[in-house]
Amino acid sequence: MRLISAARGARLPESYVFQPGTQEASFVTPVFEIGNRASNIEIEVRTNLRNNWIYLNMTLINAETGDAFDFGREVSYYFGSDSDGPWTEGSMQDSAVLPTLPVGRYYLRIEPESEASSQPISYSVVVLRDVPSPLYYLIALGVLLLPPIVVTLRSSAFEARRWQESDFGDSDDDDDGDSSSDSDD
């Protein structure tokens, strides 16, 4: 039901350029609202990284109450080739999901960090609200799989008991006896 009612629309699509080595690179974003009801928030960071990294220390702040949620994301992307062929490591994007937040007006304080000798890094920050969580689907899958597993185990135990009681089942008792050894007399 939540997937149908999810309002995954972008709330703050912004792009920025970070010049490593600058004195004060931190800034705050414009204020944005978290919709009609309490919901979780996903903050996506997309970059143009090439053999580099950036760490974004972020704080989501409620403009009305001052409540703050601190978190950070490291984004790194490296590529190249060696004797085994081409390789890549990392990703040019990352995201963080914050738990259910009350309705209100919020802004982000972003403080980027990277190597001082690196080239300027372009990145965008997109805030999405009401993001579905795969955890609920995994829990539902586990609950749905429980009855077939129980039925299979009970059926296997029943069949094992039934075969033990049959004439063809594995039994430690040999009713054949040693009649062949008695005929030697």
Side-chain angles (χ1 to χ4, degrees), residues 1-16 29 31-80 84-114 121-162:
M1 180 68 178
R2 185 168 179 130
L3 246 181
I4 295 170
S5 66
R8 219 175 123 72
R11 294 291 174 198
L12 179 69
E14 294 286 334
S15 296
Y16 308 99
T29 65
V31 175
F32 58 93
E33 289 200 35
I34 295 180
N36 305 336
R37 61 186 164 91
S39 64
N40 63 352
I41 300 294
E42 180 178 19
I43 299 174
E44 293 181 352
V45 177
R46 300 177 185 140
T47 67
N48 68 342
L49 291 173
R50 302 285 188 261
N51 289 323
N52 203 354
W53 62 270
I54 186 171
Y55 182 80
L56 299 168
N57 187 17
M58 294 186 257
T59 305
L60 180 67
I61 303 168
N62 187 320
E64 296 150 357
T65 64
D67 292 341
F69 303 93
D70 290 326
F71 60 99
R73 303 310 303 164
E74 180 179 345
V75 184
S76 61
Y77 182 67
Y78 296 92
F79 61 92
D84 295 331
W87 57 269
T88 62
E89 181 180 327
S91 175
M92 290 190 287
Q93 63 186 33
D94 195 17
S95 66
V97 177
L98 301 178
T100 303
L101 298 171
V103 174
R105 296 167 35 102
Y106 292 85
Y107 62 93
L108 277 169
R109 181 180 191 280
I110 302 173
E111 185 175 348
E113 300 174 21
S114 189
I121 300 170
S122 296
Y123 63 96
S124 63
V125 177
V126 179
V127 178
L128 306 167
R129 72 173 201 90
D130 204 15
V131 180
S133 171
L135 175 64
Y136 299 119
Y137 297 110
L138 294 175
I139 290 171
L141 179 63
V143 169
L144 290 173
L145 287 177
L146 195 57
I149 291 171
V150 169
V151 168
T152 301
L153 291 175
R154 290 187 69 194
S155 175
S156 297
F158 172 77
E159 288 296 323
R161 283 192 311 270
R162 191 173 79 133

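Not measured: the values here are computed from a predicted model.
- The OG atom of Ser124 lies 9.5 Å from the OH atom of Tyr16; values are rounded to the nearest 0.5 Å.
- A donor-acceptor contact shorter than 3.5 Å is absent between the side chain of Asn62 and the backbone of Asp67.
- Distance check: Thr59 OG1 to Phe69 CZ gives 11.0 Å after rounding to the nearest 0.5 Å.
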Take Arg73 and Ile43 through the side-chain contact (heavy atoms from CB on, under 4.5 Å) test and state the conclusion after the steps.
CA-CA 10 Å; Arg73 303 310 303 164; Ile43 299 174; over 6 Å; no
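- In plain terms, the two heavy atoms of Ala38 and Pro102 that are nearest each other are CB-CA, 4.1 Å.
- We find the CD1-OG distance between Ile41 and Ser95 to be 13.0 Å, quoted to the nearest 0.5 Å.
- Nearest approach of Thr152 to Pro148, heavy atoms of both residues: OG1-O, 2.7 Å.
- Scanning all heavy atoms of the two residues, the minimum distance from Arg129 to Arg37 falls at NH1-O, 4.1 Å.
- Remark: Arg50 pairs with Phe79, Met92 by the side chain to side chain contact (heavy atoms under 4.5 Å, CB included) rule, at least two apart or across chains.
- Using a 4.5 Å cut-off on side-chain heavy atoms (C-beta onward), Tyr123 and Val75 make no contact.
- Residues Ser114 and Trp53 approach most closely at OG-O, 2.5 Å, considering heavy atoms.
- Note that OG1 of Thr47 is 9.5 Å distant from CG of Asp94, once rounded to the nearest 0.5 Å.
- For Ala68 against Ile61, the heavy-atom pair with the smallest separation is CB-CG1, 4.1 Å.
- The OG atom of Ser91 sits 10.5 Å away from the CZ atom of Arg46 when rounded to the nearest 0.5 Å.
- Smallest separation of non-hydrogen atoms from Asn52 and Ile121: ND2-CD1, 3.7 Å.
- Proximity of Asn40 to Pro99: side-chain heavy atoms (C-beta onward) are nowhere separated by under 4.5 Å.
- Distance check, rounded to the nearest 0.5 Å: CD1 of Ile110 to CG of Leu60 gives 10.0 Å.
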